[in-house]
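Structure, as structure tokens:
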Amino acid sequence: ESVFRSRLEALRAVDDLVGAVVSALGDAAELGNTVVVFTSDNGFLLGDHRLSHKSYAYEWSLRVPLVFRAPSQPVFRTSDETVTNADGAPTLAAMAGILPGRPADGRSLQPLLGRQRLNWRKRFLAEHVEEFQMADAPTYVAGRSTARSPFTPNQLLVDYQSQEREHYDGTDPDQMRSLH
């Protein structure tokens, strides 16, 4: 219980800090000129799949929170589109009106902040390379399709360096029974 309480207290400190930064921007009349981005790592598995580390391709390890607060988007909205951390830099560049000198791996999320329906990402690649092999953090490459993928919606295919494989689909949202 003390570990759980300590984690909640740490989250409260983060919440207080975000509130203080936003308040300071408002007091300085800069909030209308500032994009605030909040993201985090994906925490711990806390026993999911009987694991503790987050270095797996399971849904709970891949997902992270992402919130943009932009002056050009005064209305709160969510999107169910799949985005990746590679989309952060192109998004901030687009919001700042900057054209990157080189092609970016990701895409600007600005269109998703509006109400546009786009031909958005249908799949993505996830990789994990463990330099200092931990007991429960394998090296893998995984392909994940989204709900919008026309032929293979909500699929996760994982190929481990150990030659093991896992395959999950949308009928098993907890990813407990590999179809491989």
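Numbers here are sequence positions counted from 1. Computed from heavy atoms alone, side chains included, the values below leave out hydrogens, waters and symmetry copies.
- Side-chain atoms of Glu59 do not come within 3.5 Å of backbone N or O of Pro173 as any donor-acceptor pair.
- Across Val158 and Ala57, no two heavy atoms sit closer than the pair CG2-CB, 3.7 Å.
- Between Ala142 and Leu125, the closest heavy-atom pair is O-CD1, 3.2 Å.
- Leu109 and Met95 fall within a single hydrophobic cluster, where Ile, Leu, Val, Met, Phe, Trp and Tyr side chains are chained together by heavy-atom contacts under 4.5 Å.
- The heavy-atom pair separating Pro153 from Ser145 by the smallest distance is C-OG, 3.7 Å.
- Between the side chain of Asp87 and the main chain of Arg107, a donor-acceptor pair closer than 3.5 Å is present.
- For Thr146 (side chain) and Lys122 (main-chain N/O), a donor-acceptor pair under 3.5 Å exists by modelled atom type.
- Among all heavy-atom pairs drawn from Met176 and Tyr168, the shortest one is N-CE2, 3.9 Å.
- Inter-residue side-chain proximity for Glu81 and Arg121 is flagged as unmet; no heavy-atom pair is nearer than 4.5 Å.
- Phe68 is connected to Leu112 through a chain of hydrophobic side-chain contacts under 4.5 Å among Ile, Leu, Val, Met, Phe, Trp and Tyr, so both are in one cluster.
- You'll find the side chain of Val14 reaches within 4.5 Å of the side chain of Phe38, heavy atoms only.
- Contact of the Thr82 side chain with the Arg148 side chain is not registered, since no non-hydrogen atoms from C-beta on lie closer than 4.5 Å.
- Although no hydrogens or angles enter the test, the distance criterion places no donor-acceptor pair under 3.5 Å between the side chain of Ser40 and the main chain of Pro65.
- Side-chain N/O atoms of Glu166 and Tyr160 include a donor and acceptor closer than 3.5 Å.
- Ring geometry, Trp60 versus Tyr58: the interplanar angle falls from 30° to 60°, so the pair is classed tilted.
- Side-chain contact between Asn154 and Arg144 is present, with at least one heavy-atom pair separated by less than 4.5 Å.
- Within the 4.5 Å cutoff, no side-chain heavy atoms of Leu179 are placed close to those of Asp172.
- Looking at every heavy atom in both residues, Ser178 comes nearest to Arg165 through OG-O, 4.2 Å.
- The residue from Val83, Thr39, Asn85, Thr84 that alone fulfils the side-chain contact (heavy atoms from CB on, under 4.5 Å) condition with Val64 is Thr39.
- A continuous path of Ile, Leu, Val, Met, Phe, Trp and Tyr side chains, each step under 4.5 Å between heavy atoms, connects Leu66 with Trp120, placing both in one hydrophobic cluster.
- Environment of CG in Asp105: sparse, with no more than 12 heavy atoms of neighbouring residues, nucleotides or ligands closer than 6.0 Å.
- The side chain to side chain contact (heavy atoms under 4.5 Å, CB included) test applied to Leu31 returns Val22, Leu25, Arg69, not counting sequence neighbours.
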